[in-house]
Amino acid sequence: MEKKVRVRFAPSPTGGLHLGGVRTALFNYLFAKQNNGTFILRVEDTDQNRFVAGAEEYIVSCLEWCGIMPDESPQLGGEFGPYRQSERKSSYKQYADQLIADGYAYYAFDTPEELDAKRKEAPNFLYGQATRMQMRNSLTLPQAEVQALLDQNTPYVVRIKMPEDEQVSFIDLIRGLVSFDTNLVDDKVLLKADGMPTYHLAVVADDKAMQITHAFRGEEWLPSAPIHILLWRYLGWEGQMPQWVHLPLILKPDGNGKLSKRDGDRLGFPVYAQSWKDPKTEDVTRGFKELGFMPEAFVNLLAMLGWNDGTDQEIFTLDELVERFSLDRVSKAGAKFDYEKAKWYNHEWIKRSPSERLLPFVKEAFEGESIPITDADMLLNVIGLVKDRCNLISDFPTQSGYFFVSPKEYDLAAVKPKWTPEKAAFFESYLPLIDSGSAIELEDKFKALAAEKGFKPGELMLPLRIMLVGGKFGPGVFDIAVLLGKTETVARIKHAVDAFNLN
Ligand code: GLU
């Protein structure tokens, strides 16, 4: 019988969640759902120095926003918990002990000062085959001394003993056969002086304990794969090893290297899913959510970073992605991040979404700009009218705030040079014709009156727009008038005529 698919997203709670992390979570989720499997959130918090308060809750909230909810997690629990590595601390030492007993790992007593001195001597110093016999460890010290050091509680770490001249090979479901020469890999620490495992030991122990069938992670972890594969083998678990899936990197827009938060700051686009406030510095880094992305669009654009379904289709719902996703269409090559394209996805989603779906997002954006929404039905209509013009949710207040707050300023430069008493008179005579009719009716009356007074309608449409909106933008001006309603339209025209005459 096929094993039930179990996959995990295993972030370290160290700060903002990079879009690459969310894409890893997404691909895990898609694969799990497609195979009726289980998607697990495991928090890899064994590095106490990098622990950041609030980061776990933040990650959970990012996943929630994206709609990619785990089935098992620290919050939800599950049969294979705990799901925080710090709470599994006591489970790892036995594996380090087993590896030492079997000759696959050793105690290393070198102090941080001794290691620093070595690194000063040789800047490329690596603790490994070439150097391990010159260091203070259980391979070089007599057994009695090792025992004495242990009895005295001398701090130590446990290191893997990388074998000489071996090729470690495995099949990656995206890359195919991958091989590493063990001579090029150093003796990584498995257990730290504080008794916590490093990522290398913890990931193997927990993937085994949680019966993970497929391990999805970013390509940056590929160089660590030989260590993990050897650990699976040395611990006698090779038959239960998950299949490996190293996802392509997300690259800077110019393709030169991995996209970092700093690139986002430098080029002016978000890299984190949601805004992150550094608890130490209080610096806030804005996220896709706060900059006005819809979760549907964010998920869609992430899926397309390194995957396509083989057709020209670019817009996918999460359900469609679950149905269509396939590992054999994930590319090996890194995917360049293009912010303009990201906004395009968001624009497409805004355009396609029913106004009811957009309403809560837009409401929040209006609240953020302190624009009072007097009438929720009106807002729904406004959304329908302007959504084609918005790339970001945050464009709605700018594109449609005037529906709720009459213009405080007018783009006088656009009207004044051609403003005449005749035009003022035209608008005075248009006022009584404004009724509660349709946009077409209002327009017909406007044009008929313009013809009667000897104007080309074009000369009057721009002033009318500026009267209602304040500037040279927005949807059809008569559509705007209809939504504003007769009273407000009349009031705005009157007010603006006075202002144009005066200035
Ligand atoms: N804790 C690792 C990270 O922060 C996870 C790598 C993995 O999924 O194995 O990215």
Side-chain angles (χ1 to χ4, degrees), residues 5-32 37-52 55-60 62-63 68 70 72-74 80 82-89 92 95 160 170 172-175 178 188-190 192 196-232 237 240-250 258-261 271-273 276 302 306 327 330:
V5 164
R6 291 180 56 81
V7 296
R8 85 298 191 277
F9 172 50
S12 298
T14 53
L17 184 57
H18 188 283
L19 70 143
V22 190
R23 191 197 53 180
T24 302
L26 174 65
F27 285 11
N28 269 297
Y29 174 90
L30 299 177
F31 189 76
T38 304
F39 169 48
I40 297 152
L41 170 66
R42 181 173 74 218
V43 174
E44 302 210 324
D45 57 349
T46 57
D47 192 343
Q48 309 271 285
N49 298 325
R50 293 179 65 218
F51 177 79
V52 177
E56 177 184 319
E57 294 74 6
Y58 161 87
I59 291 169
V60 170
C62 289
L63 295 183
I68 47 180
E72 297 172 19
S73 74
F80 297 82
Y83 293 91
R84 262 179 220 111
Q85 287 185 328
S86 58
E87 291 169 15
R88 306 173 70 84
K89 181 176 173 187
Y92 303 109
Y95 302 125
I160 186 169
F170 65 97
D172 181 278
L173 294 184
I174 293 173
R175 272 146 236 282
V178 187
K188 293 280 188 241
V189 173
L190 302 178
K192 293 180 283 187
M196 276 287 195
T198 58
Y199 165 63
H200 301 300
L201 181 60
V203 73
V204 171
D206 287 346
D207 283 351
K208 160 76 168 54
M210 296 182 182
Q211 298 180 10
I212 300 304
T213 55
H214 299 77
F216 287 72
R217 59 186 181 185
E219 189 186 325
E220 62 272 30
W221 295 107
L222 196 56
S224 302
I227 303 154
H228 304 158
I229 285 159
L230 286 175
L231 288 175
W232 280 92
W237 301 335
Q240 296 155 73
M241 186 166 78
Q243 294 201 267
W244 297 99
V245 190
H246 288 93
L247 301 174
L249 293 178
I250 297 179
K258 197 176 146 184
L259 179 73
S260 71
K261 171 186 169 288
V271 167
Y272 292 159
W276 168 251
L302 286 183
L327 285 178
V330 177

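Order of listing sets the numbers, starting from 1, for every ligand and every atom in it.
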What about Val203: any of its N or O atoms under 3.5 Å from an N or O on ligand 1? no
Around atom 1 (N) of ligand 1, find the nearest protein heavy atom and jot down its residue, atom name and distance. Glu44 OE1, 2.6 Å
So Phe216 and His214, would you call those rings parallel, tilted or perpendicular, with 30° and 60° as cut-offs? tilted
Is the ring pair Trp237/Tyr95 parallel, tilted or perpendicular, if the boundaries are 30 and 60 degrees? perpendicular
Quick one: nearest non-hydrogen protein atom to atom 5 (C) of ligand 1, plus distance? Ala10 O, 3.0 Å
Interfacing atoms of ligand 1 (cut-off 4.0 Å, heavy-atom, Arg8): 7 (C), 8 (O), 9 (O)
Taking the side chain from Arg8 and the backbone from Asp207, do they hold a donor-acceptor pair closer than 3.5 Å? no
Do me a favour and list the nearest non-hydrogen protein atom to atom 4 (O) of ligand 1 with residue, atom name and distance? Ser12 OG, 3.1 Å
Is a salt bridge present between Glu219 and Lys258, judged by a nitrogen-to-oxygen distance below 4.0 Å? no
Shortest protein heavy-atom distance from atom 6 (C) of ligand 1, along with the residue and atom involved: Tyr199 OH, 3.0 Å
Does Thr14 reach the main-chain N or O of Phe51 with its side chain, forming a donor-acceptor pair under 3.5 Å? no
Would you say Glu44 and Tyr199 are linked by a side-chain donor-acceptor pair, where the criterion is simply a distance under 3.5 Å? no
Ligand 1 atoms nearer than 4.0 angstrom to some heavy atom of Arg217 are 7 (C), 8 (O), 9 (O)
